[in-house]
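Predicted model, so just to flag it, every value in this text is computed and none were measured. Side chains included, hydrogens not; waters and symmetry mates left out as well; all remaining heavy atoms used.
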Amino acid sequence: MAIAQTVMSKVVLPVGLRALQVARHPMGMLLHEDGRNDPYRYYDRIRRRGIVQAPVLGTLMIADHAGITEVLRDHGRFSHDYEAAGARMNEVPEEFQEAPKAKEMLLLMDPPDHTRVRRLVGKAFTPRAIESLESWIADQADELVCEAAGSGAFDLIEDVALPLPLAVICKMLGVPLEDRDEFEHWGHEVAAGLDLQLDTSSIARTAEAQLHVGRYLSGLIE
């Protein structure tokens, strides 16, 4: 799912969103509890339409592979960098201004910065590096599946598919086992910031988590 956003208004945005949800517009519904619980029907509607626009939100959505590929690769017309694109995104509360900025995140960089940083990060994902983790990952997967199955009915996503990559990320970053629960909490809050956030409490939680992660990782580096 690719989302492009332009300038948003604190007043117009919530009102416009409610209007879209009343009209059952797929973009509005994806930001509604109903859509968050079951987004796939709305993904299908967006995919069938190609590009879905919601001018009142300053947003467009694309859900087909060809369209998303075009957006991701056409750096002349599209940008990952909100600031470079002239967009005014979520305003971070003053007490969290030290949190990492969007332009400092790999996902939100444009070339050549994205290329430079991705090349550095890629060294951790060479075939040899991943192969060295294979047996450890298999052990983690076995442990998670056995623990989940031992409780009877379980949620495959919540009990296996989420904690496994988190464990691998922590392993690669050197996050101690005793810190993983807290790191997982921060990770969920930071990831939530990739969505369109409307209420100040959500924005504050994401900014606070980014601040904690930044400080924590700086501590590991030191």
Side-chain angles (χ1 to χ4, degrees), residues 1-72 74 77-97 99-105 107-110 155 157-158 161-162 184-213:
M1 175 69 66
I3 304 176
Q5 297 170 310
T6 57
V7 178
M8 300 187 293
S9 162
K10 286 183 178 179
V11 176
V12 173
L13 185 56
V15 174
L17 177 60
R18 285 196 292 272
L20 291 176
Q21 290 172 345
V22 169
R24 307 293 290 182
H25 187 287
M27 194 178 300
M29 294 310 298
L30 283 173
L31 297 171
H32 186 275
E33 184 179 358
D34 178 56
R36 293 187 185 278
N37 291 334
D38 181 16
Y40 301 103
R41 49 184 162 163
Y42 302 111
Y43 290 163
D44 287 339
R45 287 173 57 186
I46 294 171
R47 190 175 296 111
R48 287 196 299 269
R49 291 168 61 174
I51 297 178
V52 173
Q53 299 186 23
V56 70
L57 297 183
T59 307
L60 63 85
M61 280 187 175
I62 304 170
D64 67 278
H65 183 270
I68 291 172
T69 300
E70 180 180 357
V71 168
L72 292 176
D74 189 342
R77 288 193 299 153
F78 301 100
S79 174
H80 296 83
D81 186 334
Y82 296 146
E83 294 180 5
R88 181 173 62 79
M89 300 305 294
N90 304 327
E91 295 184 6
V92 177
E94 186 175 349
E95 62 267 34
F96 304 126
Q97 288 296 324
K101 304 297 185 291
K103 64 182 179 181
E104 298 174 325
M105 301 180 189
L107 285 176
L108 302 179
M109 288 181 179
D110 286 330
D155 186 315
I157 300 297
E158 189 69 26
L162 284 178
E184 177 182 13
H185 169 71
W186 293 336
H188 286 312
E189 295 294 351
V190 170
L194 297 175
D195 288 334
L196 182 60
Q197 293 176 309
L198 303 179
D199 61 282
T200 55
S201 61
S202 296
I203 296 170
R205 285 197 301 271
T206 293
E208 183 178 16
Q210 289 174 334
L211 184 60
H212 283 308
V213 169

In the structure I gave you, are the side-chain heavy atoms of [X] and [Y] within less than 4.5 Å of one another anywhere?
X	Y	value
Ile62	Glu70	no
Ile46	Met27	no
Met29	Arg24	yes
Glu189	Glu208	no

Closest non-hydrogen atom pair between [X] and [Y], with its separation:
X	Y	result
Arg45	Pro26	NH2-CD, 3.3 Å
Gly28	Leu20	CA-CB, 4.0 Å
Val52	His25	CG1-CE1, 3.3 Å

Checklist line | Residues Leu30, Tyr43; criterion side-chain contact (heavy atoms from CB on, under 4.5 Å); working and verdict | finding: CA-CA 9 Å; Leu30 283 173; Tyr43 290 163; 3.7 Å; yes
Item checked: Check against side-chain contact (heavy atoms from CB on, under 4.5 Å), Asp64 and Arg48 -> CA-CA 8 Å; Asp64 67 278; Arg48 287 196 299 269; over 6 Å; no
What's the spacing between [X] [atom1] and [Y] [atom2] if we round to 0.5 Å?
X	Y	atom1	atom2	value
Asp38	Glu33	CG	CD	12.5 Å
Asp110	Phe78	CG	CZ	12.0 Å
Asp155	Leu162	CG	CG	8.5 Å

Check: Can Asp44 and Arg49 be counted as an ion pair, charged N to O under 4.0 angstrom?
Finding: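 Not counted as a salt bridge, because no side-chain N and carboxylate O are separated by less than 4.0 Å.
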Margin query: For the residue pair Asp34 / Tyr42, report whether a side-chain donor-acceptor contact shorter than 3.5 Å exists.
Written below: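 Yes, a side-chain donor-acceptor pair sits under 3.5 Å.
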